[in-house]
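These notes concern the structure reproduced below.
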Amino acid sequence: MSKKILPMDGEHLAQIAAKYGTPFHIYSEQAIREQARRLNAAFSWAPAFKEYFAVKALPNPYIIKILREEGCGADCSSLAELVLAEKVGMSGDEICFTANDMPASEFVKARELGAVINLDDITHLSFLKEAAGLPDLISFRYNPGEIPGGGNEIIGTPSEAKYGLTYDQLILGIIQCISMGITRFGLHTMIVSNERSLENLLNTAEMMFSLAASIKEMFAIDVEFINLGGGIGIPYLPEQEEVDLEAYGQGVQNLYRRLLLPADLKNVKICMESGRMMTGPYGWLVSTVLHKKDTYKQFIGLDSSMADLMRPALYGAYHHISVVGKEDAPCDHKYDVTGSLCENNDKFAIDRMLPEIKRGDLLVIHDTGAHGYAMGFNYNGKLRSQELLLKADGTVKQIRRAETLDDYFATLDFSEL
Ligand SMILES: *Cc1c(COP(=O)(O)O)cnc(C)c1O
């Protein structure tokens, strides 16, 4: 069972809320660093290992900088994400550009930064050539199509997914690359999301290692890296277990020995581009209860909304909720916990058993460190919250201010009315 802990004790949290105002996401620097160290240790056996943090999960430069200090790179899928990586000083193979349906300008920026380019389709080779010129290393994103037990709920069956090249296209892509003078290759895939089954995670590694071995056999090419993608799950529910990274690393090592070494592939670098697992459990959304409403159900209205955390509304996802100061009180009240959007699915929890809640209580929504703030939007003119960092030394720093009405109206010109 995973334990749902607060970022700090309730009293301290109330002080932070009084100082900065709510709502806010708060992230724990220490916990993020420790997670990066666990992952790197689990793969320390590999000839080279690099986690490219999926920037979209938590696109804040302070977080990317912390992860860079722990040896991580950045996985970027848009111009803004490339610029964020650049702003923290990254370049070259510290950045992986994994885009799909991208405009030419994004390829130009990726090439300017010297990023590793991971192509999503065979037609993108000529598109890239025209837009930004060809690099000497190309990575291809593989989509295996129909595979037994492949894919999972969030990402769906690979054959239905818009991502990646088929096997035949990938082989053809390599032939085209060779004829265009490209000599260095990488392989990538991402076929699961929020996956906690070690078996499924290892199946991905097995599939990719077999692919690398057959490319070696066909073309005598040593792929330089295999990127296992992101998608490692986290325990959103208290009764769920986290993925045992050490066992995962060990399992990948066994496959490496079984499939790559006999194919005479000795120096293949292992890469990953996890987002959720790196920061998800180490972020919390802290809100104040504005209203209590009693109709056919009991509603708790917060000062945050799905503009700050969309996962429950979007996927029906569970996020654990704690009421500050009532951690040990019995959960004997059933509530819908809502935001303020004019959207009936703007609910953080439905029929959730919680301690009795009063107006003014502080509620903490857990596991918001990935795909939380990042998915925010401005529907209804709702403004996104601030982000705070609980630093390793125990102090708190604001790493993004809350949006203001001026931000919201910045794209309008009222003077022409
Ligand atoms: C979203 C995404 C990731 C990160 O996924 P997580 O579930 O956050 O680990 C990695 N790579 C690609 C290409 C993605 O689209």
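Numbering of ligands and ligand atoms starts at 1, following listing order.
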- Side chains of Pro238 and Tyr318: does their closest heavy-atom pair fall under 4.5 Å? yes
- Within less than 4.0 angstrom of ligand 1, does Met278 place any heavy atom? no
- Message: Using a 3.5 Å cut-off on N or O atoms only, is Gly230 in polar contact with ligand 1?
- Response: no
- Message: With a 4.5 Å cut-off on side-chain heavy atoms, are Met8 and Ile26 touching?
- Response: yes
- Check: Ile122 and Phe140 side chains under 4.5 Å, non-hydrogen atoms: no
- Task: Report yes if the distance between the aromatic ring centroids of Phe185 and Phe225 is under 6.0 Å, otherwise no.
- Result: no
- Task: Quick one: look at Met190 and ligand 1, take heavy-atom pairs under 4.0 Å, and tell me if it's side chain, backbone, both or neither.
- Result: side chain
- Message: Checking a contact table here: which protein heavy atom is nearest atom 14 (C) of ligand 1, and how many Å away?
- Response: Lys56 NZ, 2.9 Å
- Message: Counting only heavy atoms closer than 4.0 Å, does ligand 1 sit against the backbone of Arg141, its side chain, both, or neither?
- Response: side chain
- Query: What are the two closest non-hydrogen atoms of Lys334 and Met353, and how far apart are they?
  - Reply: CB-SD, 3.6 Å
- Query: Is it true that Trp45 and Tyr256 have ring centroids separated by less than 6.0 Å?
  - Reply: yes
- Query: Is there a donor-acceptor contact under 3.5 Å from the side chain of Gln253 to the main chain of Gly249?
  - Reply: no
- Item | Protein residue, atom and distance nearest to atom 10 (C) of ligand 1, heavy-atom basis | Glu273 O, 3.0 Å
- Looking only at heavy atoms, the pair that brings Ser305 and Asp346 closest together is CB-OD2, 3.5 Å
- Message: Less than 4.0 Å is my threshold; does some heavy atom of Ser274 fall inside it relative to ligand 1?
- Response: yes
- Item | Proximity to ligand 1 by part of Met277, non-hydrogen separation under 4.0 Å | neither
- Message: Does any N or O of ligand 1 fall below 3.5 Å from an N or O anywhere on His371, backbone included?
- Response: yes
- A student checking ligand 1 against Gly275 at a 4.0 Å heavy-atom cut-off should list atoms 4 (C), 6 (P), 8 (O), 9 (O)
- Sub-4.0 Å heavy-atom contact, Gly231 with ligand 1: yes
